[in-house]
Amino acid sequence: MENNKAVLEQANAAITKGDYEGFLAFCTDDTQWNFVGDQTLRGKEAVRQYMAKTYLEPPQFMVENLIAEGDFVTALGKISLPDKDGQTTEYNYCDVWQFRDGKMAGLQAFVIKS
């Protein structure tokens with residue numbers, strides 16, 4: 001469990017530096033991301049395309065709680081995303097990550113505009 005938390009922290013550090021490939025190295029090839037009420041991304045390539053489109057600049061986020069249990073790590077916090085016009089939007093989020101063999105295999109993401 002603690003190892004899964006450490007993996008997520010390393011992956012998050014990569015993403016805030018704009019190292020999206022470094023982040024993707026922590027994901028399984030068949031990773032599946034479900035943005036609840038919005039869309040589901042299936043596979044690492046779909047996530048790569050999503051990041052290229054959504055993260056015009058690296059997102060800034062603050063993790064308020066990181067809770068690990070079994071193969072799951074839940075992150076609660078806030079994220080700021082700049083859009084193509086330079087406007088920053090703030091969100092509250094809860095990410096529930098499922099791990100398999102030390103990699104991020106699934107995500108249930110609950111994201112609400114602040």
Side-chain angles (χ1 to χ4, degrees):
M1 288 184 300
E2 288 302 314
N3 192 43
N4 290 342
K5 279 173 80 169
V7 167
L8 182 57
E9 288 169 337
Q10 290 175 300
N12 283 346
I15 216 168
T16 57
K17 290 186 216 142
D19 180 8
Y20 304 139
E21 288 302 314
F23 174 89
L24 288 167
F26 292 102
C27 295
T28 61
D29 288 339
D30 65 348
T31 193
Q32 185 164 301
W33 292 16
N34 178 22
F35 293 92
V36 175
D38 184 21
Q39 63 178 321
T40 299
L41 307 175
R42 290 178 176 83
K44 198 182 275 192
E45 186 55 36
V47 173
R48 181 178 284 116
Q49 291 172 16
Y50 168 84
M51 291 175 136
K53 183 176 66 180
T54 307
Y55 299 157
L56 303 176
E57 289 179 36
Q60 299 303 309
F61 52 92
M62 183 180 74
V63 176
E64 295 167 347
N65 284 293
L66 211 52
I67 306 151
E69 179 71 31
D71 292 331
F72 293 89
V73 177
T74 300
L76 292 163
K78 294 181 176 26
I79 186 167
S80 302
L81 275 178
D83 65 18
K84 62 182 178 354
D85 301 319
Q87 297 294 323
T88 299
T89 305
E90 306 278 330
Y91 300 92
N92 292 305
Y93 76 91
C94 176
D95 285 351
V96 181
W97 291 95
Q98 183 172 12
F99 282 76
R100 182 179 355 110
D101 301 324
K103 290 196 170 191
M104 299 182 299
L107 168 64
Q108 292 278 337
F110 300 84
V111 183
I112 302 164
K113 196 171 178 179
S114 299

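Computed over heavy atoms, backbone and side chain alike; hydrogens, waters and symmetry mates excluded.
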Distance-only check: which donor-acceptor pairs under 3.5 Å involve side-chain atoms of residues 97-104, not counting sequence neighbours?
from: Arg100; atom 1: NH2; to: Asp30; atom 2: OD1; distance (Å): 3.1
from: Arg100; atom 1: NH2; to: Asp30; atom 2: OD2; distance (Å): 3.2
from: Lys103; atom 1: NZ; to: Ala25; atom 2: O; distance (Å): 3.3

Any non-hydrogen side-chain atom of Val96 less than 4.5 Å from a side-chain atom of Cys94?
yes
Which atom names give the shortest non-hydrogen contact between Ala75 and Tyr93, and what distance separates them?
O-CE1, 3.7 Å
What pairs with Gln49 under side-chain hydrogen bond (donor to acceptor under 3.5 Å, both in side chains), at least two apart in sequence or on another chain?
Glu45
Answer yes if Val47 and Phe35 sit in the same cluster of Ile, Leu, Val, Met, Phe, Trp and Tyr residues linked by side chain heavy atoms under 4.5 Å apart, and no otherwise.
yes
Partners meeting side-chain hydrogen bond (donor to acceptor under 3.5 Å, both in side chains) with Thr88 (sequence neighbours left out)
none
Output for pair (Asp38 CG, Trp33 CH2), nearest 0.5 Å, gives 13.0 Å
Check whether any side-chain N or O of Thr16 sits under 3.5 Å from a backbone N or O of Ala13 as a donor-acceptor pair, and report yes or no.
yes
Report yes if the side chains of Ile15 and Met51 come closer than 4.5 Å at any heavy-atom pair, otherwise no.
yes
Could you pull out all residues at least two apart from Glu21 that satisfy side-chain hydrogen bond (donor to acceptor under 3.5 Å, both in side chains)?
Arg48
Does Thr31 reach the side chain of Leu107, with side-chain heavy atoms less than 4.5 Å apart?
no
Under 3.5 Å donor-acceptor pairs involving side-chain atoms of residues 52-64, not counting sequence neighbours:
from: Thr54; atom 1: OG1; to: Tyr50; atom 2: O; distance (Å): 2.9
from: Gln60; atom 1: NE2; to: Pro58; atom 2: O; distance (Å): 3.4
from: Glu64; atom 1: OE2; to: Lys78; atom 2: NZ; distance (Å): 3.1

Name all residues meeting the side-chain hydrogen bond (donor to acceptor under 3.5 Å, both in side chains) criterion together with Thr40; count only those two or more places apart in sequence or in a different chain, and write none if there are none.
Asn34
Connected via hydrophobic side-chain network under 4.5 Å: Val7 and Leu66:
yes
Look only at the side chain of Lys113 and the backbone of Thr89, and say whether a donor-acceptor pair between them is shorter than 3.5 Å.
no
Within the structure provided, determine whether Gln108 and Val36 are in side-chain contact (heavy-atom separation under 4.5 Å).
yes
What distance do Lys44 atom NZ and Cys27 atom SG have between them, rounded to the nearest 0.5 Å?
6.5 Å
Compare all side-chain heavy atoms of Leu8 with those of Asn12 and state whether any distance is below 4.5 angstrom.
yes
Transitive ILVMFWY side-chain link Ile79 to Leu41, under 4.5 Å
yes
